[in-house]
Amino acid sequence: MSKQVSPRDRFITIYGRKPVLEALEDLELRVDKVVLAEGARGEIIHEITEAAADRAVPVKRASAQRVKLLAGNGRHDQGVVADVVARGMRPLEDALADPARAPRRMLLLDGLTTPANVGMVLRSATAAGIDGIILPHRGVANLDPLVVKASAGVAFHAPILRAPDAGTAAESLIEAGYPLYSLDSHGEQELFRAEFPERAVFVLGSETAGLSRTVAELIAERIRIPMCAGLESLNVSAAASVVCYELLRREYSRNH
């Protein structure tokens, strides 16, 4: 019997009246359900219920406190939350279960708490064809409307892999045979000269704190991006783009 997947590994929960209405109006998205606070009223609430009815999306009422809890954000939920099916999202352990079909190149986010950075990493990695972006449930910005907005909606379709935390994910990856590479301005190898195996994971750490200790101890090699004009490093989302497109460039070179 297959293991039941947690809703947190299937849905992106969004909040706010406008984001929920926009999700319901986007026919490419599948909305699982909408939850409204008992006191939520007004024209846009009516539009939300009408749009949900048109698509046969269940609408439930709950206490305002319950809606705040579901949103995970007490200030901006506006009495509305919705669960949107993320078609590319699944648990990391499921992705690694079958070695023959497991992702080849992945990113692991460790300590990225700025929603804009997480969203932009999702966008650039997906655009570059990265097979998986590992987003831990703890220690990384929540998948919320801020991340979705920064990703320009790509978060709903990105190949997101969920794990409890970065340390647990790193250990699972090592056990599955993936070497971990970190980005470091003092790295031993230059990105454009380094050789990588067919399956590899690139770890993106916090700009302020770097990698967590557990993950840092498991890194196989530190990789640096060449910098000019005396600069030491790039913003983490920009660095992710450089890595992802260097991997794509190599793929193109092999196939053309």
Side-chain angles (χ1 to χ4, degrees), residues 28 86-110 112 116-136 140 143 147-148 150-163 166 169-170 172-185 187-205 211 215 218-228 231 233-256:
E28 292 187 0
R87 292 179 296 184
M89 189 162 71
R90 54 181 171 154
L92 175 62
E93 62 178 324
D94 286 5
L96 299 179
D98 181 359
R101 302 179 64 184
R104 297 180 305 128
R105 301 289 172 83
M106 293 182 278
L107 301 182
L108 168 59
L109 277 56
D110 179 18
L112 271 65
N117 283 336
V118 174
M120 286 186 285
V121 168
L122 290 176
R123 183 172 175 78
S124 58
T126 303
I130 292 296
D131 300 314
I133 306 113
I134 304 163
L135 263 63
V140 173
L143 275 172
V147 171
V148 172
S151 77
V154 171
F156 292 126
H157 313 286
I160 297 171
L161 305 175
R162 304 311 303 264
S172 297
L173 291 162
I174 293 293
E175 186 176 339
Y178 291 82
L180 306 184
Y181 298 90
S182 67
L183 299 181
D184 190 320
S185 59
E188 301 92 347
Q189 279 273 22
E190 196 174 275
L191 173 65
F192 304 130
R193 298 177 184 274
E195 295 293 331
F196 303 115
E198 181 69 13
R199 294 185 174 181
V201 177
F202 299 84
V203 185
L204 303 174
L211 301 182
V215 174
L218 297 173
I219 296 297
E221 193 169 20
R222 299 182 302 162
I223 305 298
R224 72 178 185 275
I225 296 173
M227 305 294 295
C228 301
L231 298 180
S233 64
L234 296 173
N235 167 277
V236 65
S237 62
S241 294
V242 172
V243 171
C244 293
Y245 276 93
E246 169 61 11
L247 296 175
L248 181 61
R249 184 196 66 78
R250 295 184 186 203
E251 190 79 18
Y252 266 54
S253 296
R254 282 195 296 268
N255 297 329
H256 295 83

(Q) Treating D131 as the side-chain partner and R104 as the backbone partner, does any N or O pair qualify as donor plus acceptor under 3.5 Å? (A) yes
Q: Can you measure from CG (L247) to CZ (F196) and round to the nearest 0.5 angstrom?
A: 6.5 Å
Q) If you measure from CZ on R199 to CZ on R105, what distance do you get to the nearest 0.5 Å? A) 11.0 Å
Q. Quick check: does any side chain N or O of T126 sit under 3.5 Å from a backbone N or O of R123, one acting as donor and the other as acceptor?
A. no
Q.
Keeping R162 on the side-chain end and L135 on the backbone end, is there a donor-acceptor pair under 3.5 Å?
A. yes
Q.
For E246, run the side chain to side chain contact (heavy atoms under 4.5 Å, CB included) check against L191, I223, I225 and tell me which one passes.
A. L191
Q.
If I compare all heavy atoms of L248 with all of A128, which pair ends up nearest, and what's the gap?
A. CD1-O, 3.6 Å
Q: Over all heavy atoms of both residues, which pair between L112 and L204 is shortest? Give the atoms and the distance, please.
A: CD1-O, 3.2 Å
Q: Determine the sole option in R222, E221, R224 for which the side chain to side chain contact (heavy atoms under 4.5 Å, CB included) test with Q189 is passed.
A: E221
Q) Is it the case that more than 12 heavy atoms not belonging to R193 sit under 6.0 Å from its CZ atom? A) no
Q.
Once rounded to the nearest 0.5 Å, what's the spacing between atom CD of E190 and atom CE of M227?
A. 11.5 Å
Q: Grab the two heavy atoms, one from I160 and one from A155, that are nearest each other, plus how far apart they are.
A: CD1-O, 3.6 Å
(Q) Within the supplied structure, the quantity of interest is the number of heavy atoms (other residues, nucleotides, ligands) at a distance under 6.0 Å from E175 CD; does it exceed 12? (A) no
(Q) Test side chain to side chain donor-acceptor pair (under 3.5 Å) on N235 and S237; report intermediate values, then the result. (A) CA-CA 6 Å; N235 167 277; S237 62; 2.4 Å; yes
(Q) Tell me the closest heavy-atom pair linking A95 and R90, and the distance in Å. (A) CA-NH1, 3.5 Å
Q) Do L143 and L122 come within less than 4.5 Å of each other through their side chains, counting heavy atoms only? A) yes
Q: Please report the closest heavy-atom contact between L108 and A166, naming both atoms and the distance.
A: CD2-O, 4.1 Å
Q.
Less than 4.5 Å apart, side chain to side chain, heavy atoms only: is that true for P159 and P103?
A. no
Q) Between CG of L183 and CG of L234, what distance do you get to the nearest 0.5 Å? A) 9.5 Å
Q. Where is the tightest heavy-atom contact between Y178 and A200, given as atom of each residue plus distance?
A. CD2-N, 3.9 Å
Q | Side-chain heavy-atom pair I130, F202 within 4.5 angstrom cut-off | A | no
Q. To the nearest 0.5 Å, how far apart are CG in L109 and CG in L161?
A. 11.0 Å
Q: May I ask you to test the L218-V203 pair for a side-chain heavy-atom distance under 4.5 Å?
A: no
Q. When rounded to the nearest 0.5 angstrom, what distance separates CD in E28 from CZ in R87?
A. 7.0 Å
